[in-house]
Each structure stands twice: as structure tokens, then as C-alpha cells.
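Some notes on the structure that comes next.
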Amino acid sequence: MSASTFSSAHRIYVKSLYKRYLKNSLDWTIRRDLWRPQALLIRAEFEQNRDVHDPRALAAILEKAEADLAEKKHPDPYIPPTFPEGTKWERNIPPRIGPVYDHEAAEHAH
């Protein structure tokens, strides 16, 4: 196994970019059976640039990918219902623990 010329931060960034591409593609195509071929095309795009080792060329590729992703970004992305800003987020907040009315304090006040 050869040592990689790129840092782990770079690998994490590329993985994040790949995941954002897939998520954005899924926002546009809800049905997974129609989305899967698109996901394979995205994977092929990333695999095509796997062997690029020139930092300047790689920076240009990543910059182009970020611009392309920003251009194709869905205006109303899907948010799972129970995630923050989802339709069920904090819908049924558990009640406070403790008395709603403090009877003991009311008895001592009289």
C-alpha cells in the first residue's frame, strides 16, 4: 500500500462533496429506482478524477465541482421530518417534569 499524497482532511472534504452531490441528486429525484443511475454517474465522475495528483489541477476540479453543485442546488431540499427544521421537529415536546400548580406553596400563602 502506497502512502497517499493528500491529507486525511482532503479525503474527508472529497467524501463530503460526494455525499452532498448524492443528497442534492436525491432531492431532485425522489424515487430511488430512478435515482440510482444518477448516483452511478456521480460515482463515475468522482472515480474519473481519482488519479489526479497535481494540486493545482485538483483545486480547479474541486472548484468546478463546488460551482456545479451550487448551480444545481435544490431550492427546497428534503428534510427528514424528525430532523431540525423538519415537519415534526419538536412537534410533541415532552411535558415538563414537576407540578403544574404548586399546591404546597399555595397552602402556605394563606
Side-chain angles (χ1 to χ4, degrees):
M1 187 164 111
S2 65
S4 176
T5 57
F6 298 107
S7 68
S8 63
H10 171 75
R11 283 190 295 278
I12 290 170
Y13 171 73
V14 172
K15 288 178 187 178
S16 168
L17 180 63
Y18 177 66
K19 185 176 179 179
R20 288 183 287 145
Y21 253 93
L22 290 176
K23 170 100 173 59
N24 187 55
S25 176
L26 190 56
D27 286 341
W28 285 102
T29 309
I30 301 297
R31 287 182 44 194
R32 294 263 175 167
D33 60 327
L34 299 177
W35 171 76
R36 183 68 179 145
Q38 294 175 3
L40 293 174
L41 288 175
I42 292 169
R43 177 63 184 228
E45 243 181 276
F46 274 78
E47 288 292 331
Q48 180 182 3
N49 296 316
R50 183 183 196 111
D51 295 324
V52 176
H53 296 292
D54 179 26
R56 289 189 179 134
L58 193 58
I61 291 169
L62 293 175
E63 188 176 324
K64 181 184 175 292
E66 285 285 356
D68 187 41
L69 182 61
E71 180 184 315
K72 293 178 180 178
K73 190 160 177 69
H74 196 284
D76 188 21
Y78 175 75
I79 301 171
T82 55
F83 280 29
E85 303 300 322
T87 56
K88 291 184 179 180
W89 177 248
E90 293 186 343
R91 180 179 285 175
N92 297 320
I93 299 175
R96 292 184 316 162
I97 306 260
V100 175
Y101 179 73
D102 192 357
H103 297 283
E104 292 177 7
E107 288 178 11
H108 295 304
H110 290 129

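The residues of the chain are indexed from 1 along the displayed sequence.
One finds the CD atom of Glu71 at 11.0 Å from the CG atom of Asn24 (value rounded to the nearest 0.5 Å). Summarising the geometry, atom CZ belonging to Arg43 is positioned 9.5 Å from atom CG belonging to Leu40; distances are rounded to the nearest 0.5 Å. Interatomic distance, CD1 of Ile12 versus NE2 of His10, reported as 11.0 Å (0.5 Å rounding). For the atom pair NZ (Lys19) and OG (Ser16), the distance works out to 8.0 Å, reported to the nearest 0.5 Å.
Side-chain contact between Leu34 and Arg32 is absent, with no heavy atoms from C-beta onward closer than 4.5 Å. Proximity of Gln38 to Leu22: side-chain heavy atoms (C-beta onward) are nowhere separated by under 4.5 Å.
In terms of heavy atoms, Tyr13 sits closest to Leu62 at CE2-CD1, 3.7 Å. Counting all heavy atoms, side chain and backbone alike, Arg31 lies closest to Asp33 at NH2-OD2, 2.6 Å. The shortest heavy-atom contact between Ile42 and Ser25 is CD1-CB, 3.8 Å. Counting all heavy atoms, side chain and backbone alike, Val52 lies closest to Leu58 at CG1-N, 4.0 Å. Phe46 and Val14 get closest at one heavy-atom pair: CE2-O, 3.9 Å. Across all their heavy atoms, Asp68 and Tyr21 have their closest contact at OD2-OH, 2.9 Å.
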- Item | Candidate pair Lys64 and Ile61, rule side-chain contact (heavy atoms from CB on, under 4.5 Å), full reasoning | CA-CA 5 Å; Lys64 181 184 175 292; Ile61 291 169; 5.8 Å; no
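By the 4.0 Å N-to-carboxylate-O rule, Asp27 lies close enough to Lys23 to be salt-bridged with it.
Within 6.0 Å of CD on Glu47 lie more than 12 heavy atoms contributed by other residues, nucleotides or ligands. For Arg36, the CZ atom is loosely surrounded, since the number of other residues' heavy atoms within 6.0 Å does not exceed 12.
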